[in-house]
Amino acid sequence: MPVTNPWLAGPAPDRKLDRARLEERVLNLLSSQNMCVVATTGPNGPLATPVRYFHLDFTLLFTAVATSPKMRNIAADPRVSLGVFAPLVGQASSRGAQLFGRARVLAPEDPEFDHYWPAYRWQSDHVERSRPLDEPPTAPLVVVEAERIVYTEHWLRREGYAPRQFWRR
């Protein structure tokens, strides 16, 4: 029987990508997607919430209503995990990343806000909602700088690399 992707069979290689190639692949994933799942922990246990994100290098940005459950959880415990993934067609297309870090909530008056705000493209959301473009959103900006990343891409097996790669700041 013909096999579409014979390189997926058998044990996975364990070879590591060099840091520059790994970073390039992670940034490609972050640039080609716009949704992630944010995992927080609260009094009722874990909470995984899909959010639209933007990124600035290995820092993910999103906004949220200050009173939302994820924001309450972040206020109590800023440790978060964010899952970013490409659509899955089959094992050969499996590609995603888990980013781990601490969420920081920035208001417009925070000194760091102006560094991150230009990367957050709020204008398209305002157009969809018929909101004026001269009135930026007032929701806080959540900034998560990745401390470590677990990157998975099964296509790497084709080149003799482990499908799971690890990055640390």
Side-chain angles (χ1 to χ4, degrees), residues 12-88 93-122 125 137-157 159-169:
D14 59 4
R15 206 165 101 202
K16 294 180 181 177
L17 283 171
D18 65 67
R19 187 171 180 96
R21 285 188 67 200
L22 175 57
E23 288 181 350
E24 179 182 356
R25 289 183 114 91
V26 171
L27 290 173
N28 177 282
L29 176 69
L30 297 179
S31 296
S32 64
Q33 305 303 312
N34 67 354
M35 292 293 296
C36 71
V37 176
V38 178
T40 61
T41 304
N44 297 322
L47 175 72
T49 310
V51 298
R52 181 179 182 184
Y53 76 88
F54 296 95
H55 79 98
L56 187 59
D57 292 323
F58 299 100
T59 300
L60 269 59
L61 319 165
F62 63 90
T63 58
V65 175
T67 57
S68 69
K70 71 179 155 294
M71 295 297 276
R72 285 194 305 267
N73 287 354
I74 287 170
D77 184 349
R79 295 174 301 163
V80 298
S81 175
L82 301 101
V84 177
F85 54 94
L88 180 67
S93 71
S94 180
R95 187 167 73 115
Q98 295 170 278
L99 291 83
F100 301 88
R102 294 184 178 274
R104 292 181 294 136
V105 180
L106 303 178
E109 60 272 7
D110 287 317
E112 290 182 275
F113 185 87
D114 288 339
H115 173 73
Y116 294 106
W117 187 245
Y120 190 85
R121 295 172 197 87
W122 55 270
D125 192 47
T138 57
L141 182 65
V142 181
V143 174
V144 181
E145 186 176 328
E147 295 168 3
R148 67 184 175 95
I149 299 171
V150 178
Y151 177 74
T152 303
E153 179 187 334
H154 282 278
W155 195 261
L156 288 171
R157 290 173 62 139
E159 299 176 41
Y161 291 99
R164 184 163 288 139
Q165 302 282 327
F166 303 91
W167 178 93
R168 285 195 177 275
R169 184 155 300 281

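Atoms considered below: every heavy atom in the structure, side chains included; atoms not considered: hydrogens, waters and symmetry mates. None of these values were measured; they are calculated from a predicted model.
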Enumerate donor-acceptor pairs with a distance under 3.5 Å from any side-chain N or O in residues 73-81 to protein atoms, sequence neighbours excluded.
| from | atom 1 | to | atom 2 | distance (Å) |
| --- | --- | --- | --- | --- |
| N73 | ND2 | T40 | OG1 | 2.9 |
| D77 | OD1 | R79 | N | 3.1 |
| D77 | OD1 | R79 | NE | 3.0 |
| D77 | OD2 | R79 | NE | 3.4 |
| D77 | OD2 | R79 | NH2 | 2.7 |

Enumerate, atom names and distances included, each donor-acceptor pair closer than 3.5 Å involving a side-chain atom of residues 58-69, sequence neighbours excluded.
| from | atom 1 | to | atom 2 | distance (Å) |
| --- | --- | --- | --- | --- |
| T63 | OG1 | Y120 | OH | 3.0 |
| S68 | OG | V65 | O | 3.0 |
| S68 | OG | M71 | N | 3.4 |

Identify each donor-acceptor pair in which a side-chain atom of residues 46-54 lies under 3.5 Å from a protein atom, sequence neighbours left out, and give them as a table.
| from | atom 1 | to | atom 2 | distance (Å) |
| --- | --- | --- | --- | --- |
| R52 | NH2 | S124 | OG | 3.1 |
| Y53 | OH | L30 | O | 3.0 |
| Y53 | OH | Q33 | O | 3.2 |

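The OG1 atom of T152 sits 6.5 Å away from the CD atom of Q98 when rounded to the nearest 0.5 Å. Interatomic distance, CH2 of W167 versus CD1 of I149, reported as 4.5 Å (0.5 Å rounding). Between L88 atom CG and S93 atom OG the span is 4.5 Å, to the nearest 0.5 Å. Rounded to the nearest 0.5 Å, atoms CD (Q165) and CZ (R21) are 9.5 Å apart. Separating the CH2 atom in W155 from the OG atom in S94 is a distance of 12.5 Å, to the nearest 0.5 Å.
Applying the side chain to side chain donor-acceptor pair (under 3.5 Å) criterion to E147, with sequence neighbours excluded, gives no partner residue. Partners of E24 under the salt bridge (charged side-chain N to carboxylate O under 4.0 Å, His left out) rule, at least two apart in sequence or in another chain, do not exist in this structure. Annotation: ring-ring contact (aromatic ring centres under 6.0 Å, His included) contacts of Y151 (sequence neighbours excluded): none. R168 is linked by a salt bridge (charged side-chain N to carboxylate O under 4.0 Å, His left out) to nothing, counting only residues two or more places apart in sequence or in another chain. Legend: residues meeting ring-ring contact (aromatic ring centres under 6.0 Å, His included) with F113, ordered by chain and number and at least two apart, are W117. For R148, the side chain to side chain donor-acceptor pair (under 3.5 Å) test picks out no residue, with sequence neighbours left out.
Within the structure, ring-ring contact (aromatic ring centres under 6.0 Å, His included) contacts touching residues 16-51 (residues at least two apart or in different chains) do not occur. Applying the salt bridge (charged side-chain N to carboxylate O under 4.0 Å, His left out) rule to pairs touching residues 97-110 yields R104-E112, sequence neighbours excluded. Identified under the ring-ring contact (aromatic ring centres under 6.0 Å, His included) test for residues 18-41, with sequence neighbours left out: none.
Residues A12 and P163 come closest through the heavy atom pair CB-CD, 3.8 Å. Here the shortest heavy-atom pairing between L156 and A162 reads CD1-O, 3.6 Å.
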Practice task
Would you please test L27 and H55 for side chain to side chain contact (heavy atoms under 4.5 Å, CB included) and show each step?
Solution key: CA-CA 9 Å; L27 290 173; H55 79 98; 4.2 Å; yes
Practice task
Give the C-alpha distance, both sets of side-chain angles, the deciding distance and a yes or no for side chain to side chain contact (heavy atoms under 4.5 Å, CB included) between V144 and L99.
Solution key: CA-CA 9 Å; V144 181; L99 291 83; 5.9 Å; no
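The main-chain N or O of A97 is never found under 3.5 Å from a side-chain atom of E153 such that the two would form a donor-acceptor pair. Checked by atom type and distance alone, the side chain of R164 never pairs as donor or acceptor with a backbone atom of V150 at under 3.5 Å.
For the pair V142/K70, no side-chain contact is recorded, criterion being any heavy-atom separation below 4.5 Å from C-beta on.
A side-chain donor-acceptor contact under 3.5 Å links R95 and N28.
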